[in-house]
Amino acid sequence: MGAQRPDRGRDKASVVVRGVSRVFPGDLRALDRISLEIHAGEFFTLLGPSGCGKTTLLRLLAGLEVPDAGEVEIGGRAMAGVPAHRRSVNTVFQSYALFPHRNVRQNIAFGLEMQRVSPAAIARQVDEIAELIDIGALLERPVDALSGGQRQRVALARALVNEPAVLLLDEPLSALDAGLRSRLQVDLKRLQQRLGMTFVFVTHDQEEAMVMSDRIAVLDEGRIAQVGSPQAIYERPEDVFVARFMGHENLLAVTRHDAGGVETALGRFEGGFAAGTHLLLRPEALTLHADAPPGSSGNGFLARVEECLYRGAATDYRLRCGEVPIAARVTNAGRSQPGVGDTIWVEVAPDSAATLNARRHTG
Ligand SMILES: Nc1ncnc2c1ncn2[C@@H]1O[C@H](COP(=O)(O)OP(=O)(O)OP(=O)(O)O)[C@@H](O)[C@H]1O
Ligand SMILES: [Mg+2]
């Protein structure tokens, strides 16, 4: 799709948010001085726990909510006073809001009908998008007769078929089962790349965010905790909130920091670490040895294996070093691996550890 319609989907737009706040009655700061620059054609994800302000920010971009402070620009144009229907955005809402008295085909076709696209072109475009989203067999069904996951896919098709310059997606895959969800993650990402649309995608699932996004903004109570590539956010989280939200468990309090390394409850780790309150050890970057490697003076510690969780491609280990629990993940490649009760040497590769702060954004 798209090739026969060079007039749309091509004018991809950037989104700029400058110092935006939204305060709800009761002095609830849903958004607190948010600033973001989303590039044209970028797959940008807002990631954060329930209530952190993700939907409120999307509604501000869509023009369904007015900021109490700050400004929004889309495609270089200030959006103050521009109503929702005059913005070059489409939204896939968290509650999919389909037209109840129309069937699936009519729901998807609605936006194109409004733009007075010819009936033959509408039929072709609806068929194409329905096939992509795997709802071709449902096109003539009333939407009341669909499951939650099917409705979610119709809502997705209805927004995609318009090829807006910016597509806002509020947890569009949350009602789908795991298999369909991971397939649509890949399909959606490919589609976005092919059409060059700007996607602002909301999820509270960190793996989904990492798989799909060019960049991620992690939100914490209405503020931006960190913006960066999936790799940067996962491997170099800037504060404990981001680290925990990305699934990290191995966060050791730093008791001393100097030019040569850091000291923690697991001993000293050599390396040129930045100053920080915590040391992060990534579980997949730890190596488990039956014995301390001969002559090894590298970073590491002795630990006892408390639990092995076999996951097929990898095994997750629950280790304990004194009072400190440590998580490790080992790829299953046919090597013999330690078992429960074994005492092992855990090697920490130089680039697998990073320091971070208790909380970066304050005030
Ligand atoms: N219309 C409203 N009036 C009052 N408070 C609101 C309103 N809309 C949202 N809020 C509050 O603002 C905060 C942010 O809400 P928002 O819907 O943006 O969160 P979210 O990150 O999308 O959460 P979820 O993941 O649960 O969808 C919440 O505390 C919410 O209760
Ligand atoms: Mg929400």
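One-based numbering, in listed order, for ligands and for the atoms of each.
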*Asks:* Could you check whether any side-chain heavy atom of Val200 comes within less than 4.5 Å of a side-chain heavy atom of Val166, counting everything from C-beta outward?
*Replies:*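 A side-chain contact exists here, since the closest heavy-atom pair is under 4.5 Å.
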*Asks:* Under the 4.5 Å side-chain heavy-atom rule for ILVMFWY, direct or indirect, which residues accompany Met114?
*Replies:* Phe99, Phe110
*Asks:* So which pairs with a foot in residues 312-323 pass salt bridge (charged side-chain N to carboxylate O under 4.0 Å, His left out), sequence neighbours left out?
*Replies:* Glu249-Arg318, Glu306-Arg320, Arg311-Asp316, Asp316-Arg329
*Asks:* Test Phe245 against His204 for ring-ring contact (aromatic ring centres under 6.0 Å, His included), laying out the working first.
*Replies:* CA-CA 9 Å; Phe245 198 75; His204 58 260; 8.1 Å; no
*Asks:* Let me confirm one number: the CE-CG distance from Met210 to Asp205, rounded to the nearest 0.5 Å.
*Replies:*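 Going from the CE atom of Met210 to the CG atom of Asp205 covers 8.5 Å.
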*Asks:* Supply the atom-to-atom distance Arg22 CZ to Asp68 CG, rounded to the nearest 0.5 angstrom.
*Replies:* 4.5 Å
*Asks:* Does the side chain of Leu168 reach to within under 4.5 Å of the side chain of Val92, using non-hydrogen atoms?
*Replies:*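 No, their side chains stay 4.5 Å or more apart.
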*Asks:* Distances under 2.8 Å only: what protein N/O/S atoms are near the Mg ion (ligand 2), ordered by chain and residue?
*Replies:*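 Counting only protein N, O or S atoms under 2.8 Å from the Mg ion (ligand 2), the list reads Thr55 OG1, Gln94 OE1.
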*Asks:* Tell me, do Ser35 and Val17 make a side-chain contact under 4.5 Å, heavy atoms counted?
*Replies:*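 Sidechains of Val17 and Ser35: no contact.
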*Asks:* Please tell me whether Phe201 and Phe43 form a close aromatic pair, meaning their ring centres lie under 6.0 Å apart.
*Replies:*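 Yes, close enough.
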*Asks:* Anything under 3.5 Å between an N or O on ligand 1 and a protein N or O? List each pair with its distance, or write none.
*Replies:*
| residue | atom | partner | partner atom | Å |
| --- | --- | --- | --- | --- |
| ligand 1 | 18 (O) | Thr55 | N | 3.4 |
| ligand 1 | 18 (O) | Thr56 | N | 2.9 |
| ligand 1 | 18 (O) | Thr56 | OG1 | 2.6 |
| ligand 1 | 21 (O) | Cys52 | N | 3.2 |
| ligand 1 | 21 (O) | Gly53 | N | 3.0 |
| ligand 1 | 21 (O) | Lys54 | N | 3.0 |
| ligand 1 | 21 (O) | Lys54 | NZ | 2.9 |
| ligand 1 | 22 (O) | Thr55 | N | 2.9 |
| ligand 1 | 22 (O) | Thr55 | OG1 | 2.8 |
| ligand 1 | 23 (O) | Gly51 | N | 2.8 |
| ligand 1 | 25 (O) | Lys54 | NZ | 2.8 |
| ligand 1 | 26 (O) | Ser50 | OG | 2.5 |
| ligand 1 | 27 (O) | Gln94 | OE1 | 3.3 |
| ligand 1 | 27 (O) | Gln94 | NE2 | 2.9 |

